[in-house]
Amino acid sequence: MEMYIEKAKVLVEALPYIKEFYGKTVVIKYGGSAMVDEMIKETVIQDIILMKLVGINPVIVHGGGPDINKILKQMDKKSEFVNGLRVTDQETMEIVEMVLAGKVNKSIVSHIQNQGINAVGISGKDGATLQAEKKLVNGMDVGFVGEVVNVNTELISTLIQKDFIPVIAPIGIDKEGNSYNINADYAAVAVAGALKAQKLVFLTDVEGVLKDVSDSSSIISRLSIKDVDEYIKNGIISGGMIPKVECCVEGVKKGVKTVHILDGRVEHCLLLEIFTQKGVGTMIEE
Ligand SMILES: NC(=[NH2+])NCCC[C@H](N)C(=O)O
């Protein structure tokens, strides 16, 4: 009997969160290992479907995974580099768009449809969802690399209303109709902010924000955006974690209630974070 009680407790623990998040939007930035490992990929999709079936509206913004480099290589497309930065010329941009909005995007849609749930894959160009401008990287023009200047939420909102899970490839469009490659983290923040999402969840290849980077058990479970500057100053947040956390702060400032950094290598990290009290990653809030 004991065993059954434990199982019931898991569901009862989830109950207040199912209530709280019912009808709310949760944006998931899907990238890294969670996109590469077939087994993990399947569990991520399962988690998203469970969220959907308990009344949450998931919106997926995905990265490119290793596919872009692989296909550029296969097509023997040599990249030019300016001060270490890859230049996205017209031809490279076309390949990036084919891979992101074609292959990667549609593969995610297939996985969801395989489970009998409706998903629609769009790129940021569809419905002028991600309106972009050229972005200078370290003051340099590196081609068709863009930043989001405005999000038109109409198409995403329509899909949500009709019960489709939107799956968004981070490609922006400018006033002339040019395509821009957008960093998927930034695209996810822009989308979550514009939708005033309940949550933005980053699936990453790290445990979360750690107090001590060499100790994976030292995870900071909750972090207020007020404390971020100090954590950066004293080196607790450092290196590649800085831009990630800055994205989270921006999300909260744009009106997203909580932003989560999760370890996408952990099976069912989404369910564990969203439907338990302690969660498994770092939750960033006001
Ligand atoms: N890393 C954490 N402290 N997570 C707590 C998550 C709490 C709750 N399940 C939520 O999603 O809002």
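Counting from 1, the numbers follow the sequence of the chain as shown. For ligands, and for the atoms within them, numbers begin at 1 and follow the listed sequence.
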Enquirer: Going by atom types alone, do T92 and D89 pair a side-chain donor with an acceptor below 3.5 Å?
Expert: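 Present: a donor and an acceptor within the cut-off.
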Enquirer: Please tell me if the side chains of H111 and Q115 come closer than 4.5 Å, counting only heavy atoms from C-beta onward.
Expert: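 When only atoms from C-beta onward are counted, Q115 and H111 do not touch, as no gap falls below 4.5 Å.
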Enquirer: For D37, give me all partners under side chain to side chain donor-acceptor pair (under 3.5 Å), at least two apart in sequence or on another chain.
Expert: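 None.
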Enquirer: Check ligand 1 for N or O atoms under 3.5 Å from a protein N or O and list each pair with its distance.
Expert:
from     : atom 1 : to   : atom 2 : distance (Å)
ligand 1 : 1 (N)  : S221 : O      : 3.0
ligand 1 : 1 (N)  : E273 : OE2    : 3.1
ligand 1 : 1 (N)  : G281 : O      : 2.8
ligand 1 : 3 (N)  : S221 : O      : 3.1
ligand 1 : 3 (N)  : S221 : OG     : 2.7
ligand 1 : 3 (N)  : K278 : O      : 3.2
ligand 1 : 4 (N)  : E273 : OE2    : 2.8
ligand 1 : 4 (N)  : K278 : O      : 3.3
ligand 1 : 9 (N)  : E273 : O      : 2.8
ligand 1 : 9 (N)  : I274 : O      : 2.8
ligand 1 : 9 (N)  : T276 : O      : 2.7
ligand 1 : 11 (O) : K199 : NZ     : 2.7
ligand 1 : 11 (O) : E273 : O      : 3.4
ligand 1 : 12 (O) : K199 : NZ     : 2.9

Enquirer: Got a sec, which residues hit salt bridge (Lys or Arg N to Asp or Glu O under 4.0 Å) with E97, two or more places apart in sequence or on another chain?
Expert: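 With sequence neighbours excluded, E97 shows a salt bridge (Lys or Arg N to Asp or Glu O under 4.0 Å) to K125, given in chain and number order.
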Enquirer: Among residues two or more places apart or on two chains, list those pairs meeting salt bridge (Lys or Arg N to Asp or Glu O under 4.0 Å) that have a residue in residues 225-249.
Expert: D185-K244
Enquirer: Establish, yes or no, whether a centroid distance under 6.0 Å links the rings of F144 and Y180.
Expert: yes
